[in-house]
J.: 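Mind having a look at this structure? Questions to follow.
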Amino acid sequence: MAIWCRVSSRTIANANHMRKRMNQGFAVDVNRASGFSSASNRGRPLFSDGNRRHLNSLPWNRATLVWFQRFKSTLAEKQQDPFLSSDSDEDHQSLEFPGGKVSYTSEMNFISESSQTRVPCYRVLDDDGELIPDSHFQQVSEEVAVKMYSKMVSLQIMDTIFYEAQRQGRISFYLTSAGEEAINIASAAALSEQDIILPQYREPGVLLWRGFTLQEFADQCFGNKADYGKGRQMPIHYGSKKHNFFTISSPIATQLPQAAGIAYSLKMDNKKACVVSYIGDGGTSEGDFHAGLNFAAVMEAPVIFFCRNNGWAISTNVSEQFRSDGIVVKGRAYGIRSIRVDGNDALAVYTAVSAAREMAVNEHRPILIEALTYRVGHHSTSDDSTKYRKLDEIVYWKNARNPVNRFRNWVQSNGWWSEQQETQLRNRVRKQLLEAIQVAEKAEKPPLAEMFRDVYDYPPSNLEEQEKYLRETISRHPIDYPADIPV
Amino acid sequence: MALRNIIGKRIGNGIGLVGRRSLSTATCDVENRNSKSMNLYSAINQALHLALETDPRAFVFGEDVSFGGVFRCTTGLADRFGKARVFNTPLCEQGIVGFGIGLAAMGNRAIAEIQFADYIYPAFDQIVNEAAKFRYRSGNQFNCGGLTIRAPYGAVGHGGHYHSQSPEAFFCHVPGIKVVIPRSPRQAKGLLLSCIRDPNPVVFFEPKWLYRLAVEEVPEHDYMLPLSEAEVIRQGSDITLVGWGAQLTIMEQACIEAEKDGISCELIDLKTLMPWDKETVEASVRKTGRVLISHEAPVTGGFGAEISASIVERCFLRLEAPVARVCGLDTPFPLVFEPFYMPSKNKVLDAIKATVDY
């Protein structure tokens, strides 16, 4: 009897082991999550204008409809542990520990450090902007597509001109989002205006989408009186309460645990909204990434962690940043549903964010999106990336893998855009931006008093003293101080 | 104002007596309506109950707060207000504070607990670079004023390097946050309620030694004590002593003994270290001409240095003697050597006499 048991358990262990070996990759079976079940109102997709629509009234193709009912990676694999089965034979082989039941095996196996294949990346448009056959994606209307495309172009122009302005010494600093226009605009387009944005710093396109004007961008970069930040921070550190866009801060990844707290508040207030927090590949190495994701998972907070994996953290390539298969695989470590998407495919980004938002809001859970892309520009105006990467690599991504060109092709192929509109748009935006810069440059700076306000809600006595003393110093030595700041 | 001494015996543990700690509630402008005798952790517990009762958007969170906390400060809160408002967090201080900043940024009262002040450093970036600058950098579009971070601090007799630290000086160097330290149960309740309701992020250090040992009558109603107002808790004319937290009981003992030698000591509880009440201290020094500062934290770079420099700037010609500092030594907080490390009553007394005899 004893021998039989031993053999039997070995057989079972081997069988399990074989099954495990055969299992590759992972999939998300969202059947149970029922984010899109048509049976309940809860499941109806939200659209970026905030309205719910009945599935049947949408311009879906069948494939889309079917797809929406289940999310599965192409390596279909049940998320459920293969060891757990209803087979009564194996029940007695599970152990109770704090944290739940776990089955055991007498064969020692280490989980491999990586899957045999990398997690595939979701894309819908090929490199030329042609729809890949049998793609599943969320359709966008002409109006939305044209708006998306126009904003991508505006972002490009904004980046080019502000970068030049810095080179000319007119602003002190700038950083571009070149190469990441699809991430910026498409992710923003998939959200509602009530969703709260916690950016890193390479996402001005989100603000652009929400209606932040070129003048408002320029005012912040020039630190003038109209800057909402009152001239206190470096250029590109935008923030806008009315656009639900929290003020950018330079430290990396600090926004991630804050995002979890904000999302928890939304949940407590029963708001039908989520938080979207952006981070780069480098930022995922920070402790705050771990803190943010773990807290969001445990608190069941509706937050989308959007990682822009653009391959570079200043001069540090991803090969020097982590040894995992990018960032998407880290989601599971926290119990967070994740997806890898082609960040240069505007439609794919739009679809993934839409779906993530549904899940986050309706199921009160965090979602991790890794968008693969490439940082075409230098890290910032303080960087020359040709020092650490090849020029042809940059040129290749700028031309052959350009997200703006790709999306334009798709928009044009639908008959929604023309060369003429292109020229008109580019000229108009250029002109508006140059005017905005002129206005911003000439505008008054914030008065000196603004240096002392908002440290606290009211200035304490030490600040009042210091302001008084400083003013005396200024009157004694006016030449030490910039003339364009009203005292 | 009647002077009331409440003596709490430190339970011997073989290391040796550091000294009996007694407490005075010399002046307290809180009327004694219905009050009850209670210790520090109970007073803090009451404050938290009131905070959550009066504001439905108040939350208490941190490691182990759900069952009542390792120092029992959060007893009963989860049962009364529910798991959605009183909850354990993962073991991650930067997460606790970051999460708290987010909650506060949405207009909630986020009352975060750091289990020991010794472990607050992972959250230092969130406190200094985020919480302290949240309002300023946004041009006042956003703020996290509803954030209060509570942490037990200070010597406990056997805490060693990592259960005894007084890190207040690090935080006093950060414009944008407030730092508050109560000396007694009655003070703690009123000050904590003020901190929670103050529209600025606050770090509230609770003297852990006093959690059980300090017992006094604490009013049961909802009351608040003002921030950035120092309190003269003992009147005197020969020398001004400035301190905060548990150290005040040591200093008071020294004052009592000095009186036997005919030295009249004025004792000030700073209460709020950032922004601190220079006016009250200055007025006292103008009266006495001598000042002594005492704190457990290491002397070099301690907050006593800031007080000393400020007083010298403002009262130089009035001073009859150098500013004295009786503080912890410049070592990591030692275990068996704690009695030697601490700024004891006799060290304070020696310094009082030296300053008066200068």
Side-chain angles (χ1 to χ4, degrees), chain A residues 196 198 220 227-233 237 239-242 245-251 253-269 275 286-288 290-299 301 303 446 450-451 453-463 465, chain B residues 56-57 59 61 84-85 87-108 110 122-123 125-126 128-145 147 175-178 198-201 227-228 272 274-279 310:
Chain A
I196 296 184
L198 262 75
Q220 196 283 331
D227 168 24
Y228 299 136
K230 301 181 183 166
R232 293 164 182 161
Q233 287 212 89
H237 290 69
S240 177
K241 190 173 173 75
K242 66 182 186 224
F245 188 95
F246 270 72
T247 303
I248 290 168
S249 69
S250 309
T254 48
Q255 68 276 10
L256 300 177
Q258 294 171 19
I262 292 176
Y264 188 80
S265 178
L266 289 176
K267 181 170 89 158
M268 289 299 294
D269 289 340
V275 176
E286 279 282 0
D288 273 337
H290 166 72
L293 267 67
N294 196 32
F295 269 67
V298 171
M299 304 304 165
V303 47
E450 289 296 356
M451 182 168 84
R453 288 206 196 106
D454 304 329
V455 180
Y456 298 91
D457 60 327
Y458 288 109
S461 58
N462 58 317
L463 281 184
E465 254 176 49
Chain B
R57 302 187 82 212
F59 299 81
F61 52 94
R85 291 178 67 196
F87 48 89
N88 290 341
T89 60
L91 209 171
C92 178
E93 288 77 12
Q94 66 197 99
I96 291 169
V97 174
F99 181 89
I101 290 170
L103 256 189
M106 297 295 281
N108 301 296
D125 186 31
Q126 286 284 350
V128 171
N129 273 332
E130 299 292 314
K133 299 171 173 56
F134 214 81
R135 186 194 293 274
Y136 191 77
R137 73 191 187 198
S138 74
N140 201 21
Q141 293 183 91
F142 302 103
N143 75 76
C144 62
L147 176 66
I177 55 169
K178 295 192 175 182
D198 189 276
N200 298 287
L227 301 185
S228 293
T272 301
M274 255 278 274
W276 67 284
D277 179 0
K278 289 184 190 157
E279 283 72 32
S310 283

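Quantities reported herein were computed from a predicted structural model and do not represent experimental measurements. Just so it is clear: chains get the letters A, B, ... in the order the sequence lines come, proteins before strands, and each one is counted from 1.
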J.: Let me see the working for A:S249 and B:R137 under side-chain contact (heavy atoms from CB on, under 4.5 Å), right down to the final yes or no.
T.: CA-CA 8 Å; A:S249 69; B:R137 73 191 187 198; 3.2 Å; yes

J.: If you take all heavy atoms of B:G102 and A:I262, which pair is closest and at what distance?
T.: O-CG1, 3.3 Å

J.: Between B:I96 and chain A, with a heavy-atom cut-off of 4.5 Å, which part of the residue counts as in contact: side chain, backbone, both or neither?
T.: both

J.: Let me know if B:Q126 has heavy atoms under 4.5 Å from chain A in its side chain, its backbone, both or neither.
T.: side chain

J.: Nearest heavy-atom pair of B:R135 and A:R232: which atoms, and what distance?
T.: O-NH1, 4.4 Å

J.: Where on A:I196 is there a heavy atom nearer than 4.5 Å to chain B: the side chain, the backbone, both, or neither?
T.: side chain

J.: Against chain B, label A:F246 side chain, backbone, both or neither, depending on which of its atoms sit under 4.5 Å from a heavy atom there.
T.: both

J.: Can you tell me how far apart CE (A:M268) and CE (B:M106) are? Round to the nearest 0.5 Å.
T.: 12.5 Å

J.: Counting only heavy atoms closer than 4.5 Å, note whether A:E286 contacts chain B via side chain, backbone, both or neither.
T.: neither

J.: B:N108 versus chain A, heavy atoms under 4.5 Å apart: side chain, backbone, both or neither?
T.: side chain

J.: With a 4.5 angstrom heavy-atom cut-off, is it the side chain or the backbone of B:E279 that approaches chain A, or both, or neither?
T.: side chain

J.: A:T254 versus chain B, heavy atoms under 4.5 Å apart: side chain, backbone, both or neither?
T.: both

J.: Test your reading of the model: is there a side-chain donor-acceptor pair from B:N200 to the backbone of A:D457, 3.5 Å cut-off?
T.: yes

J.: Give me the atom names and distance for the closest heavy-atom approach of B:G95 to A:F295.
T.: C-CZ, 3.4 Å

J.: Under 4.5 Å, counting heavy-atom pairs only, tell me which of A:A296, A:G229, A:S265, A:G261 racks up the most with chain B.
T.: A:G261

J.: Please classify the contact of B:K133 with chain A as side chain, backbone, both or neither, using a heavy-atom distance under 4.5 Å.
T.: neither

J.: What part of A:V298 gets within 4.5 angstrom of chain B, counting heavy atoms only: side chain, backbone, both, or neither?
T.: side chain

J.: Is it the backbone or the side chain of B:S228 that comes under 4.5 Å from a heavy atom of chain A, or both, or neither?
T.: neither

J.: Would you say B:Q141's side chain and A:K241's backbone share a donor-acceptor pair under 3.5 angstrom?
T.: yes

J.: With respect to chain A, which residue among B:P90, B:S310, B:A84, B:P199 yields the maximal number of heavy-atom pairs within a distance under 4.5 Å?
T.: B:P90

J.: Please find the pair of heavy atoms, one from A:A291 and one from B:C92, that lie closest to each other, and give the distance.
T.: CB-SG, 3.5 Å

J.: Can you see which heavy atom on B:G176 is nearest to which on A:Y456, and at what distance?
T.: N-OH, 3.2 Å

J.: Could you tell me which portion of A:D227 (side chain, backbone, both or neither) has an atom closer than 4.5 angstrom to a non-hydrogen atom of chain B?
T.: neither

J.: Which one of A:L266, A:D269, A:N294, A:I248 has the most heavy-atom pairs closer than 4.5 Å to chain B?
T.: A:D269

J.: Can you measure from CG (A:N462) to CG (B:D277) and round to the nearest 0.5 angstrom?
T.: 11.5 Å

J.: I need the minimum non-hydrogen distance between B:E130 and A:P251, along with the two atoms involved.
T.: OE2-CG, 3.9 Å

J.: What do the steps show when you test A:Q258 against B:F134 for side-chain contact (heavy atoms from CB on, under 4.5 Å), and what is the final call?
T.: CA-CA 12 Å; A:Q258 294 171 19; B:F134 214 81; 3.6 Å; yes

J.: For the residue pair B:F87 and A:Y264, categorise the inter-ring angle as parallel (less than 30°), tilted (30 to 60°) or perpendicular (more than 60°).
T.: tilted

J.: Within the 4.5 Å heavy-atom criterion, are A:M451 and B:Y136 side-chain neighbours or not?
T.: yes

